[in-house]
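What follows is one structure encoded as structure tokens, with my remarks underneath.
Counting from 1, the numbers follow the sequence of the chain as shown. Everything numeric in this text was worked out from a predicted model, so none of it was measured.
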Amino acid sequence: PQHLATLALHPAIQTAPGVYNEDPLQGLDRLIAEAGRREMKLVIFLNNYWDWSGGMPQYLAWANGGAAPTLDTTTWPEYNRILSTFYTNAAAQVLYRRYIAMLLERTNTITGRKYRDEPAIMAWELANEPRPGEREGDNDAVLVAFQAWVEGTAAYIHALDPHHLVTTGSEGNMGCLNTDENFRRVHAGPGIDYAVFHLWPNNWGWYRRNEFAATIGPTLEKARDYSARHLAVADALNKPV
């Protein structure tokens, strides 16, 4: 995929390991309260595979020392190789789960409810577009580690918060080493309440604006096929998507 620019989010909620910024957290309090007033439901993601919000690269930097890998400074294969280590990095997982616990236990300064009890929250996503990463010749082990992380983290969230749904945040098979079977495996566990996929025809190179006439037809065909295949997998799992 083409990475146009790293879009750092400031201010961050977590500015150092276990150090949380109250200002954006109070902004999230207000977002949840206002969504509730409008009878809207929120899906809140708890991490990010991509570097633009810190996410997994930042957790790895905190755990290992050094700078966080970014797609501006690291090749695509190397970025994926590095990110594949997040799921088995014990120190990074401690920090990630500590953040989850902080958020779920937080008392909203406006509603007075803990986040785990907020009716405006529909679901937690483990991360925005988590991918297993890739290691040449070792992708089976990469997927096993990723699947264990999905199931373990989902169980951890449900133990802290029995009131909300949990899903992966995945792009679908594009984020599961490009197979429908991997998508099925990743979403089959009991802790994942519904399947999810994203559709990025432009980012994935299907559609090109400067070649509209040539690419729009194949793009629509690929989009319909991508959607239908994920719907079929979710149907077989007896889960919504």
Look at the side chain of [X] and the backbone N and O of [Y], then say whether any donor-acceptor pair between them is shorter than 3.5 Å.
{"X": "K41", "Y": "P119", "result": "yes"}
{"X": "T111", "Y": "A33", "result": "no"}
{"X": "T85", "Y": "I82", "result": "yes"}

same_hphob_cluster([X], [Y]) at 4.5 Å side-chain heavy-atom cutoff:
{"X": "M122", "Y": "V166", "answer": "no"}
{"X": "I44", "Y": "Y194", "answer": "no"}
{"X": "L231", "Y": "M174", "answer": "yes"}
{"X": "W149", "Y": "V144", "answer": "no"}
{"X": "I100", "Y": "L126", "answer": "yes"}

Below 30° counts as parallel, above 60° as perpendicular, anything between as tilted: where do the rings of [X] and [Y] land?
{"X": "Y99", "Y": "Y20", "answer": "tilted"}
{"X": "W200", "Y": "H198", "answer": "perpendicular"}
{"X": "W124", "Y": "Y115", "answer": "parallel"}

I want to check something: taking the side chain as every heavy atom from C-beta on, are [X] and [Y] in contact at a cut-off of under 4.5 Å?
{"X": "Y96", "Y": "Y156", "value": "no"}
{"X": "L28", "Y": "L103", "value": "yes"}
{"X": "F86", "Y": "P130", "value": "no"}
{"X": "Y49", "Y": "N80", "value": "yes"}
{"X": "V142", "Y": "E134", "value": "no"}
{"X": "I157", "Y": "L46", "value": "yes"}
{"X": "T153", "Y": "N47", "value": "no"}
{"X": "H187", "Y": "V233", "value": "no"}

Heavy atoms of other groups near [X] [atom1], more than 12 under 6.0 Å:
{"X": "E78", "atom1": "CD", "value": "yes"}
{"X": "W62", "atom1": "CH2", "value": "yes"}
{"X": "N238", "atom1": "CG", "value": "no"}
{"X": "E22", "atom1": "CD", "value": "yes"}
{"X": "E211", "atom1": "CD", "value": "yes"}
{"X": "D225", "atom1": "CG", "value": "yes"}

Calculate, to the nearest 0.5 Å, the distance between atoms [atom1] and [atom2] belonging to [X] and [Y] respectively.
{"X": "S53", "Y": "H10", "atom1": "OG", "atom2": "NE2", "value": "11.0 Å"}
{"X": "T215", "Y": "N210", "atom1": "OG1", "atom2": "CG", "value": "8.0 Å"}
{"X": "L95", "Y": "Q58", "atom1": "CG", "atom2": "CD", "value": "10.0 Å"}
{"X": "R131", "Y": "W50", "atom1": "CZ", "atom2": "CH2", "value": "4.0 Å"}
{"X": "E34", "Y": "M40", "atom1": "CD", "atom2": "CE", "value": "10.5 Å"}
{"X": "L237", "Y": "D235", "atom1": "CG", "atom2": "CG", "value": "9.0 Å"}

On a heavy-atom basis, which atom in [X] and which in [Y] lie closest, and how many Å separate them?
{"X": "G191", "Y": "A154", "value": "O-CB, 3.7 Å"}
{"X": "T70", "Y": "T73", "value": "OG1-OG1, 2.9 Å"}
{"X": "T167", "Y": "V196", "value": "OG1-CG1, 3.6 Å"}
{"X": "H230", "Y": "G172", "value": "NE2-CA, 3.4 Å"}
{"X": "N202", "Y": "Y207", "value": "OD1-O, 3.4 Å"}
{"X": "T107", "Y": "D29", "value": "O-OD2, 4.5 Å"}

Tell me, with the steps shown, if D193 and H158 meet side chain to side chain contact (heavy atoms under 4.5 Å, CB included).
-> CA-CA 10 Å; D193 297 303; H158 278 302; 3.0 Å; yes
Could you verify whether a donor N or O on one side chain and an acceptor N or O on the other, from Q14 and Y59, lie under 3.5 Å apart?
-> yes
If you measure only the distance, is there a donor-acceptor pair under 3.5 Å linking the side chains of T15 and N21?
-> no
In sequence, state the C-alpha distance, the side-chain angles, and the governing distance for T168 and F183, and then conclude on side chain to side chain contact (heavy atoms under 4.5 Å, CB included).
-> CA-CA 10 Å; T168 60; F183 172 76; over 6 Å; no
Go through the steps for W204 and Y226 under the test side chain to side chain contact (heavy atoms under 4.5 Å, CB included), then give the verdict.
-> CA-CA 12 Å; W204 297 340; Y226 193 79; 3.5 Å; yes
Short N-O contact, D161 and K114, less than 4.0 angstrom | no
Chi angles and distances behind the side chain to side chain contact (heavy atoms under 4.5 Å, CB included) call for L177, F146 = CA-CA 11 Å; L177 299 173; F146 179 66; over 6 Å; no
